[in-house]
Asks: 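This is the structure, below, for whatever I ask next.
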Amino acid sequence: MQRAIALVDCNNFYVSCERLFQPALEGKPVVILSNNDGCVVSRSQEVKKLGITMAAPWFKLKELARQHGIIALSSNYTLYADLSNRVMRVLAQFSPEQEIYSIDECFLDVTGINELTRYAQAMRQRVKQHVGIPVCVGIASSKTLAKLANHVAKKRSSGVCNFNALAEDELNHLLSRIEVGEVWGVGRRTHSRLQAMGITTALALKCAPGERIRAEFGITLARTVAELGGTACLSLDEHTTLRAQIICSRSFAIPVTQLADLEEAVISYTSRAAEKLRRQQSMACCVQVAIRTNPNQLKAPQYQPGLTLALAEPSDDTRALCHATLSGLRQIYRTGYAYQKAGIILSGIIACDNRPHSLFDDTEAQQKSATLMSTLDLINRRMGSGTIHLLGEGITKSWAMKRGNVSPRYTTELSDIALAHAAPNK
DNA sequence: TCTGGGGTCCTAGGACCC
DNA sequence: TCTGGGGTCCTAGGACCC
């Protein structure tokens, strides 16, 4: 039986989330900005038509935005994450095998289902009805082809495209009209190298000699070529495994020069990462800390050090992890630089159940730590993130990022719901 | 003046071992 | 002066994704 993989992708996800709660934004050009209102991370259809690209720096677009009356909102990840969960729960009803690939898309194994096109229409309708977010569905025999089918679906009013229902020459005709850079796994670098070889369309890549691709580009692109030919090389990953690394990094609202401010930031990021670590019931063996100056500030002196440290024993205790990241920070910090960003990475991640035991384990201290951490997590979940935190995180956080125009957390914060109702409907 | 954040996979090269 | 071959493990860096 032919394998059938569906890729369901939300349309302009962050913009659609905002429109759900501010219907007045419907039909207007809207962009959502990254942290610090730095660049564009989601665009409405009207904005895409103006030629504004993904990740374009906002400050360069302000004049164009004024001319066209573009509405810019700061990103509100709490809201987007909550709506994403709802979309994914609805889609899970359509297949027992679901891979949540990103905040706004998932793969579903729909092998063996009859009338796939009608089935895909049912997905769209149910998500629209239950959550209010518009989605498009692409179906094909491999994940890479399903991504391309979705690309085609986005341009159709039906919002659905099923490659499995097409004859070979019909499919090839569609692929011949898609630029090779649109193929999943072909980034900027590979795109220009392929073009230099005369491979400019998805069809040309599908027909490229596998061995030459393998030799010149490596195994990853060779798999992509096989997938374009309908041979599934990538399986659905149902995320039962632990994350291999947990990253927390942010740019500052203003350049930071003092060690004390960097210390506050690093403690705060380590605390967020430690929460994630405990949420997946795991411990880390290594921490990495990195800071950097602004690489776009070409004239300023540049410095971007990083340091990885092994912990004496695996830990999920915020205090132990902060102790390590702070010690790393103090080793790499130098005066005389204007730092723009700091980040930490937890790695060497193992499940708590697999923690190695040693003769010298202090069981009592370990239990105390576990109790303290789970109490901390419980309070922060109930009372709001950051209710209890280490004092070293700082109170004022002068370095914290700026978000000029953020919407209320309509679905997750009681006080914001009240605010939403009190606000006059302009 | 102002350019995000969080992740994965692959590869090359060094250290080390027998 | 001459200085093997093969294996493993780790890390850094590159490329990609959304």
Side-chain angles (χ1 to χ4, degrees), chain A residues 7 9-10 12-14 31-43 52-63 65 72 74-77 80-81 84 99-107 143-144 147 150-151 181-194 214-224 233-234 237 239 241-255 265 269 272-273 276-277 280 285-286 288 290 292-300 304-310 338 340-349 401-404:
Chain A
L7 176 70
D9 190 300
C10 301
N12 318 324
F13 183 54
Y14 299 167
V31 296
I32 310 296
L33 303 177
S34 66
N35 285 332
N36 286 318
D37 296 342
C39 31
V40 171
V41 292
S42 183
R43 304 157 294 159
I52 291 176
T53 56
M54 190 69 171
W58 177 235
F59 75 91
K60 287 188 180 170
L61 297 174
K62 283 206 172 140
E63 180 50 31
S74 306
S75 42
N76 181 347
Y77 290 107
Y80 311 150
S84 170
E99 174 189 351
I100 298 174
Y101 179 67
S102 74
I103 193 163
D104 71 339
E105 64 190 296
C106 74
F107 291 100
K143 288 168 91 173
T144 305
K147 288 282 272 190
N150 192 281
H151 176 79
E182 297 289 343
V183 175
W184 191 40
V186 177
R188 224 185 47 239
R189 285 278 163 83
T190 309
H191 187 188
S192 51
R193 285 176 63 198
L194 284 173
R214 169 76 182 85
E216 291 193 25
F217 295 87
I219 187 74
T220 315
L221 195 67
R223 273 187 206 131
T224 301
C233 302
L234 308 171
D237 175 3
H239 281 279
T241 48
L242 298 177
R243 280 195 196 301
Q245 48 181 237
I246 293 171
I247 302 176
C248 186
S249 71
R250 300 255 187 298
S251 303
F252 305 126
I254 47 171
Y269 303 165
R272 297 292 86 73
K276 285 192 194 170
L277 190 65
Q280 62 169 15
C285 301
C286 294
Q288 188 178 330
R292 68 158 207 222
T293 50
N294 188 341
N296 299 306
Q297 209 88 55
L298 296 173
K299 285 176 219 144
Q304 41 248 317
L307 186 64
T308 306
L309 297 166
Q340 177 235 10
K341 185 175 184 177
I344 67 103
I345 303 178
L346 306 181
S347 61
I349 289 175
M401 63 193 184
K402 55 175 184 275
R403 294 201 290 176

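Order of the sequence lines sets the chain letters (A, B, ...), proteins ahead of strands, with each chain counted from 1. Because only heavy atoms are used, hydrogens play no part in the values below, and waters and symmetry mates are left out as well, while side chains stay in.
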Asks: If the cut-off is 4.0 Å, is A:K341 near the phosphate of B:dG6, judged by side-chain N/O to OP1 or OP2?
Replies: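 For A:K341, the contact criterion (side-chain N or O under 4.0 Å from OP1 or OP2 of B:dG6) is not met.
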Asks: Grab the CD1-C1' distance between A:I349 and B:dT8 for me, whole Å please.
Replies: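 It works out to 13 Å between those atoms.
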Asks: Describe the nucleic acid contact of A:A244 in one word from base, sugar-phosphate, nothing, applying a heavy-atom distance below 4.0 Å.
Replies: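 Answer is sugar-phosphate: A:A244 comes under 4.0 Å of backbone atoms only.
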Asks: Both A:R292 and A:T220 contact DNA chain B. Which one's nearest nucleotide lies toward the 5' end?
Replies: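 By nearest-heavy-atom nucleotide position, the 5'-most residue is A:R292.
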Asks: Do the side chains of A:I349 and A:Q280 get nearer than 4.5 Å, heavy atoms only?
Replies: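 When only atoms from C-beta onward are counted, A:I349 and A:Q280 do touch, with a gap below 4.5 Å.
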Asks: Round to a whole Å and report the spacing from OH of A:Y77 to P of B:dG5.
Replies: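 From A:Y77 OH to B:dG5 P: 9 Å.
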Asks: Base, sugar-phosphate, or nothing for A:R193, non-hydrogen atoms under 4.0 angstrom?
Replies: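 Contact class for A:R193: none.
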Asks: Of the listed nucleotides (B:dG5, B:dG4, B:dG7), which one gets closest to any side-chain atom of A:C39?
Replies: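 The nucleotide sitting nearest to the side chain is B:dG4.
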Asks: At under 4.0 Å, does any side-chain N or O of A:S249 touch on OP1 or OP2 of B:dG6?
Replies: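 Yes, because at least one side-chain N or O of A:S249 sits under 4.0 Å from OP1 or OP2 of B:dG6.
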Asks: Whenever both distances are under 3.5 Å in a Watson-Crick or G-U wobble pair, mark it; put DNA chain B into dot-bracket that way, with [ ] for crossing pairs and | when the partner is on another strand.
Replies: ....||||||||||||||
Asks: Walk along nucleotides 9-18 of chain C from 5' to 3' and tag each nucleotide B, S or - by protein heavy-atom contact under 4.0 Å, base first, then sugar-phosphate.
Replies: ------SSSS
Asks: Identify whether any heavy atom of A:K60 sits under 4.0 Å from a base atom; if not, whether one sits that close to sugar-phosphate; answer base, sugar-phosphate or nothing.
Replies: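 If one applies the 4.0 Å heavy-atom cut-off, A:K60 turns out to touch a base.
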Asks: Could you work out, with side-chain contact (heavy atoms from CB on, under 4.5 Å) as the rule, every residue matching A:A72, not counting sequence neighbours?
Replies: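 side-chain contact (heavy atoms from CB on, under 4.5 Å) check on A:A72 returns A:V31, A:L33, A:W58.
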Asks: Separation of A:D37 atom CG from B:dG5 atom C1', in whole Å?
Replies: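 Atom-to-atom, A:D37 to B:dG5, this comes out as 15 Å.
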Asks: Has A:R243 got a side-chain N or O lying under 4.0 Å from the OP1 or OP2 atom of B:dG7?
Replies: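 For B:dG7, OP1/OP2 do have a side-chain N/O of A:R243 under 4.0 Å.
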Asks: Output the rounded distance in Å from CG (A:N294) to C1' (B:dT3).
Replies: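 Rounded to the whole Å, the gap is 8 Å.
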Asks: Starting at atom CD of A:Q297, determine the distance to atom P of B:dT1, rounded to an integer number of angstrom.
Replies: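 Taking CD of A:Q297 and P of B:dT1, I get 10 Å after rounding.
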Asks: Would you say the side chain of A:K276 lies within less than 4.5 Å of the side chain of A:R243, judging by non-hydrogen atoms?
Replies: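 Contact flag for A:R243/A:K276 side chains = no.
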Asks: Tell me, do A:D104 and A:Y80 make a side-chain contact under 4.5 Å, heavy atoms counted?
Replies: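 SC-SC contact between A:D104 and A:Y80 ruled out.
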Asks: Taking only residues two or more places apart in sequence or in another chain, which ones pass side-chain contact (heavy atoms from CB on, under 4.5 Å) with A:I345?
Replies: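 Listed in chain order: A:Q245, A:I247, A:Q288.
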Asks: Mapping A:Q245 and A:Q340 onto DNA chain B by nearest heavy atom, which one lands closer to the 5' end?
Replies: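 This one resolves to A:Q340.
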Asks: What distance, rounded to whole Å, do you find between the two P atoms, one in B:dT3 and one in C:dC18?
Replies: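 My reading of the P atoms in B:dT3 and C:dC18 gives 25 Å.
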Asks: Over how many whole Å does the gap from A:I52 atom CD1 to B:dT3 atom C1' extend?
Replies: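 Nearest whole value for this atom pair: 15 Å.
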Asks: Tell me: CG of A:N36 to P of B:dG5, nearest whole Å?
Replies: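 After rounding, the gap between these two atoms is 6 Å.
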Asks: Take the angle between the ring planes of A:Y77 and A:Y14 and call it parallel below 30°, perpendicular above 60°, tilted in between.
Replies: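 Correct class here is perpendicular.
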Asks: Distance check, rounded to the nearest 0.5 Å: A:N150 atom CG versus A:L7 atom CG?
Replies: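 The CG atom of A:L7 is 4.5 Å from CG of A:N150, to the nearest 0.5 Å.
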Asks: Does A:R292 have any side chain to side chain donor-acceptor pair (under 3.5 Å) partners at least two apart in sequence or in another chain, and if so, which?
Replies: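 If we apply the side chain to side chain donor-acceptor pair (under 3.5 Å) test to A:R292, skipping adjacent residues, the hits are A:Q340.
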Asks: Between CG of A:L234 and OG1 of A:T220, what distance do you get to the nearest 0.5 Å?
Replies: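 So the CG of A:L234 and the OG1 of A:T220 are separated by 9.5 Å.
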Asks: May I have the distance from A:L61 (atom CG) to B:dC2 (atom C1'), rounded to whole angstrom?
Replies: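 Taking CG of A:L61 and C1' of B:dC2, I get 12 Å after rounding.
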Asks: Can you sort out the partners of A:F107 under ring-ring contact (aromatic ring centres under 6.0 Å, His included), two or more places apart, ordered by chain and number?
Replies: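 For A:F107, the residues satisfying ring-ring contact (aromatic ring centres under 6.0 Å, His included) (neighbours in sequence not counted) are A:Y101, A:W184.
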